[in-house]
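The structure appears right after this line, and notes come after that.
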Amino acid sequence: MPPPRKRGTALRQQLAELRGPDVPAKALDARALAALAANPGCRRRAILDGAGVNKAALAGALGSPSAFGQSQFALTRGNAFEAKAKADGGAELLRLVHERLDPSAEPPAHARVPELTAIGPEGRTARTALALREATEAAGEWTLLDHPMLALDVAGSPAFLEPDAVVVHPDGTWTVVEIKSFPMLDGSADPAKVGAAARQAAVYVLALEQVAARLTQESAPAPEVRDRVLLVCPKDFSNLPTASAVDIRKQRAVTGRQLARLTRVQDIAETLPEGTCFDPARPTEELTAAVESVPATYAPECLAACELAFHCRDRSRAAGAVTSLGRSVRAELGGLTTVADVLAAARGEAGDGADPAVAALRRAAELRAEALSAMAPGATAPEAPACH
């Protein structure tokens with residue numbers, strides 16, 4: 001077995017060949033890593049993200065341009081709300097952290113806001129680690145880190161991540177703060193958007209845990225990363241910040257497993273045909289064959305999280321795959337993987353009648369036939385039940 005360093009170098013070279021020799025790698029961010037956790041079975045996304053392929057450019061070259069991403073208006077609105085939430089040295093933000101997560105601590109009347117600027121992402125990462133260490137050792141004080149830079153090891157190389165904020169409590173524990181511009185109405189927000197924010201925050205928590213592990217190795221006090229994060233949103237229809245504590249233990253576990261799988265992208269790469277390359281500059285036919293050589297697991301939820309969703313949806317529909325109807329439908333159908341299989345089972349032409357999914361389909365077909373016959377011209381309406 002080759003030494004780990006040589007194995008890692010060979011993997012990076014292999015991924016560079018998949019990306020294209022002259023194509024720079026697209027850095028993974030927290031949103032992309034969270035999307036991986038939302039669809040852990042998609043080998044296509046795993047290899048493309050692991051190789052640093054620009055999926056938006058790839059989708060355009062395939063003839064299925066991506067509509068994924070935030071509008072300029074949404075970005076501007078989000079930046080304005082974040083600035084308001086962090087105004088006055090983060091006084092309101094820290095008040096919300098104290099109120100929702102640490103009410104037994106002393107109120108944050110005064111807080112440290114260290115300067116985190118440095119040259120390059122590596123410099124900012126080192127400066128953030130130093131600030132976290134100093135804040136942890138300064139017991140009894142609140143510290144707000146505004147846009148710290150964290151490094152998370154992904155597929156053998158660092159992914160640089162920038163959370164909205166990290167708060168160090170007086171007891172030395174660390175909390176991730178995620179600021180979003182979608183509203184929180186009557187104390188609750190859109191569950192789908194909250195779930196996406198929780199998965200993104202889980203990525204930051206994993207990165208912070210790696211920082212905490214390094215500090216522990218340096219004989220510093222062992223810091224704890226809290227498994228509840230603070231989600232800050234506009235209150236109702238105003239621009240006033242409000243917040244909710246979100247437990248991200250489940251999302252953290254799922255994301256951790258998926259990232260561990262991503263570090264084994266070499267297993268996926270080794271199954272690809274010789275010469276496979278995802279360079280958007282290649283001919284469309286060659287590029288399509290390269291993408292189709294990697295299995296995808298499409299679901300309608302991909303439309304909100306992946307640049308290749310339109311391409312995968314078209315292929316899924318053309319193949320009659322039931323996954324195009326949604327994950328919940330796919331789960332109910334068991335071993336029936338295509339729409340043709342489902343219809344044949346419902347008509348009694350295929351399938352085992354002892355299979356609960358097949359039995360339910362046949363019963364549904366019978367009920368549908370009865371309903372249609374009752375609606376046919378000349379059909380006698382069923383008698384109403386007698387009233388007693």
Side-chain angles (χ1 to χ4, degrees), residues 29-30 33-34 82 85-86 89-116 118 121 124-153 158-180 197-232 243-253 255-256 259:
D29 58 13
L33 292 173
E82 181 178 338
K86 293 179 178 177
E92 180 63 14
L93 198 63
L94 289 166
R95 185 191 69 80
L96 291 170
V97 173
H98 175 260
E99 178 183 295
R100 306 293 186 190
L101 294 173
D102 204 356
S104 61
E106 286 293 322
H110 302 285
R112 300 169 64 247
V113 184
E115 178 60 49
L116 301 177
R124 290 184 59 197
T125 300
R127 183 67 190 89
T128 296
L130 179 60
L132 283 168
R133 178 173 186 166
E134 292 173 346
T136 304
E137 293 173 346
E141 294 185 3
W142 289 89
T143 301
L144 172 65
L145 276 66
D146 185 6
H147 280 290
M149 181 67 74
L150 307 173
L152 179 64
D153 183 69
F160 294 102
L161 312 172
E162 189 176 1
D164 293 325
V166 171
V167 171
V168 180
H169 297 246
D171 61 1
T173 56
W174 303 350
T175 289
V176 170
V177 177
E178 190 70 6
I179 302 175
K180 297 296 184 183
R199 288 190 294 272
Q200 189 171 340
V203 175
Y204 298 136
V205 168
L206 287 169
L208 277 175
E209 287 175 348
Q210 289 191 1
V211 178
R214 287 193 292 270
L215 293 183
T216 303
Q217 292 172 0
E218 296 170 4
S219 302
E224 175 192 349
V225 184
R226 295 195 175 207
D227 52 26
R228 291 206 304 165
V229 303
L230 190 74
L231 176 62
V232 180
S244 176
V246 181
D247 190 328
I248 53 92
R249 283 177 294 182
K250 178 180 178 182
Q251 290 84 355
R252 184 221 167 278
T255 304
L259 293 184

> Residues two or more places apart in sequence or in another chain: which of them pass salt bridge (Lys or Arg N to Asp or Glu O under 4.0 Å) with Asp102?
Replying inline: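 So Asp102 forms a salt bridge (Lys or Arg N to Asp or Glu O under 4.0 Å) with Arg226.
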
If I compare all heavy atoms of [X] with all of [Y], which pair ends up nearest, and what's the gap?
X	Y	result
Pro223	Ala212	CG-CB, 3.7 Å
Gly89	Val113	O-CG2, 3.8 Å
Glu162	Arg124	OE2-NH2, 3.2 Å
Pro163	Pro148	CD-O, 3.4 Å
Pro103	Leu101	CD-C, 3.6 Å
Ala30	Val203	O-CG2, 3.9 Å

How long is the gap from [atom1] on [X] to [atom2] on [Y], to the nearest 0.5 Å?
X	Y	atom1	atom2	value
Glu209	Thr216	CD	OG1	11.0 Å
Asp29	Leu152	CG	CG	12.0 Å
Leu132	Arg214	CG	CZ	10.5 Å
Glu178	Arg199	CD	CZ	12.0 Å
Leu94	His110	CG	NE2	12.5 Å
Gln210	Asp153	CD	CG	6.0 Å

Heavy-atom distance under 4.5 Å between the side chains of [X] and [Y], does that happen here?
X	Y	value
Leu150	Leu208	yes
Leu206	Leu33	no
Lys180	Leu231	yes

Side chains of residues 243-250: which donor-acceptor pairs under 3.5 Å do they make with residues two or more places apart or in other chains?
| unit_1 | atom_1 | unit_2 | atom_2 | d |
| --- | --- | --- | --- | --- |
| Asp247 | OD1 | Arg249 | N | 3.0 |
| Asp247 | OD1 | Arg249 | NE | 3.1 |
| Asp247 | OD2 | Arg249 | NE | 3.0 |
| Asp247 | OD2 | Arg249 | NH2 | 2.7 |

> Where do Trp174 and Thr136 land on the side chain to side chain contact (heavy atoms under 4.5 Å, CB included) test, with the steps shown first?
Replying inline: CA-CA 8 Å; Trp174 303 350; Thr136 304; 2.9 Å; yes

>> Checking Leu116 against His147 for the side chain to side chain contact (heavy atoms under 4.5 Å, CB included) test, could you report, in this order, the C-alpha distance in whole Å, the side-chain angles of both residues, the deciding distance, and whether it holds?
In response: CA-CA 8 Å; Leu116 301 177; His147 280 290; over 6 Å; no

> Please walk me through it: do Trp142 and His169 pass side chain to side chain contact (heavy atoms under 4.5 Å, CB included)?
Replying inline: CA-CA 5 Å; Trp142 289 89; His169 297 246; 3.6 Å; yes

>> Please check this pair: side chain of Arg127 against backbone of Met149, looking for a donor-acceptor N/O pair closer than 3.5 Å.
In response: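 Checking the backbone N and O of Met149 against the side chain of Arg127, no donor-acceptor pair under 3.5 Å is found.
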
> Counting distance only, does the side-chain N/O of Thr255 pair as donor-acceptor with the main-chain N or O of Gln251 below 3.5 Å?
Replying inline: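 A pair under 3.5 Å: yes.
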
> Val177 and side chain to side chain contact (heavy atoms under 4.5 Å, CB included): which partner among Val229, Leu93, Asp146?
Replying inline: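 Only match with Val177 under side chain to side chain contact (heavy atoms under 4.5 Å, CB included): Leu93.
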
>> Within the supplied structure, the quantity of interest is the number of heavy atoms (other residues, nucleotides, ligands) at a distance under 6.0 Å from Glu134 CD; does it exceed 12?
In response: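 Atom CD in Glu134 is crowded, with more than 12 foreign heavy atoms closer than 6.0 Å.
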
